[in-house]
J.: 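Here it is, the structure in full.
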Amino acid sequence: MQLSFSLDDDPILERIRVQLLAVYGTQRDGDRVDPTSLFVYAMISGRTYDRVSSTAFVKLCHLLASWDELPDANVDAVAKAIADVKFAARKAEHLISAARIIRARHSRFDLSFLADWSFDDARSWLTKLPGVGPKVAVATLNFSELRKRGLVVDTHVLRTSKRIGILPDRADYVAGFNGLSRLVPNHWDAEDLYEIHWLMKELGQTTCKFQRPACERCPLGKLCAYARRSAVH
Ligand code: SF4
């Protein structure tokens with residue numbers, strides 16, 4: 001989806017970023033991995049704690065001499081290597097199927113060819129692969145060395161955005177990505193999008209938690225619809 005031009009003099013995402021930067025500090029990261037490694041990590045990390053996903057990723061790296069082996073890897077062996085992540089067996093199947101499709105089209109399981117593609121074309125192509133949703137696709141494009149201009153919407157970004165009131169309550173990941181992309185200030189680049197993701201994720205993990213948001217100590221209290229409703233009640 002093409003990011004839109006924002007004509008707002010004081011865009012809501014800019015205000016959110018300013019408030020969160022004051023608390024969490026800058027989230028820009030100079031070290032990026034190649035898109036193939038990022039894709040594999042994103043594929044196995046869904047609905048799983050980061051430390052569990054990281055350990056599973058390392059085990060998978062030890063199983064294979066290189067990513068070139070993944071398309072022909074044994075699905076049970078891959079599932080065993082990533083056994084601690086949620087839905088390991090299904091993720092192993094999707095991962096190998098996706099790796100085979102990528103190799104069939106581009107001679108190797110290697111996503112570096114996407115560097116020459118537009119963000120929209122690359123995201124559209126990736127989301128047609130088995131098990132690849134908008135989060136995996138955009139993470140591959142924005143978090144990796146590709147540094148493409150897309151906003152990764154994970155469970156924390158989705159939840160906090162709904163509570164703040166910038167996404168509808170029923171928005172899924174696709175609607176969340178589309179809705180938030182429309183709010184991105186035109187002058188923001190890929191690094192800005194990377195930063196707002198990690199700022200909002202930090203907020204979701206530490207303050208705007210799933211079960212009990214700590215609005216009383218939240219830096220976004222003054223611009224949040226949920227906090228306003230809670231204060232009224
Ligand atoms: S004010 Fe409360 S509901 Fe709103 S973002 Fe902060 S913690 Fe979440």
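Indexing begins at 1, ligand by ligand and atom by atom, following the structure's order. Reckoned from all heavy atoms, side chains included, excluding hydrogens, waters and symmetry mates.
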J.: Find all atoms of ligand 1 within a distance of less than 4.0 Å from any non-hydrogen atom belonging to C208, and give their numbers and elements.
T.: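 Atoms satisfying the 4.0 Å criterion: 3 (S), 5 (S), 7 (S), 8 (Fe).
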
J.: Relative to the heavy atoms of A227, which atoms of ligand 1 are at a distance of less than 4.0 Å?
T.: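 Near A227, the atoms of ligand 1 are 1 (S).
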
J.: How far is atom 3 (S) of ligand 1 from the closest protein heavy atom, and which atom is that?
T.: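 Nearest neighbour among protein heavy atoms for atom 3 (S) of ligand 1, to 0.1 Å: Y226 CD2, 3.4 Å.
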
J.: Please assess W188 against E195 for the test side chain to side chain donor-acceptor pair (under 3.5 Å), listing each intermediate value before the final yes or no.
T.: CA-CA 10 Å; W188 279 17; E195 182 164 68; over 6 Å; no

J.: Please confirm whether R108 makes a cation-pi placement over F113, using NZ or CZ under 6.0 Å from the six-membered ring centre and within 45° of the ring normal.
T.: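 No.
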
J.: Answer yes or no for C224: is there an N/O/S atom below the 2.8 Å cut-off from atom 2 (Fe) of ligand 1?
T.: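 No.
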
J.: Taking the side chain as every heavy atom from C-beta outward, state whether T155 and Y173 have any pair of such atoms under 4.5 Å apart.
T.: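 T155 vs Y173: side chains touch.
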
J.: With side chains defined as the heavy atoms from C-beta onward, is the minimum distance between N74 and I96 less than 4.5 Å?
T.: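 Sidechains of I96 and N74: no contact.
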
J.: Checking side chain to side chain contact (heavy atoms under 4.5 Å, CB included) between I82 and each of M43, K59, K91, which is the one that passes?
T.: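 Result for side chain to side chain contact (heavy atoms under 4.5 Å, CB included) with I82: K91.
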
J.: Which heavy atom of the protein is the closest neighbour of atom 6 (Fe) of ligand 1, given with residue, atom name and distance?
T.: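 Its nearest protein heavy-atom neighbour is C218 SG, 2.3 Å.
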
J.: Considering only the protein, which heavy-atom contact is closest to atom 2 (Fe) of ligand 1, and what is its distance?
T.: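 Of the protein heavy atoms, C215 SG, 2.3 Å lies nearest.
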
J.: Which of the numbered atoms in ligand 1 are below 4.0 angstrom from a heavy atom of R163?
T.: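 Near R163, the atoms of ligand 1 are 3 (S).
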
J.: Considering only heavy atoms from C-beta outward, does the side chain of F143 approach that of F39 to under 4.5 Å?
T.: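 No, their side chains stay 4.5 Å or more apart.
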
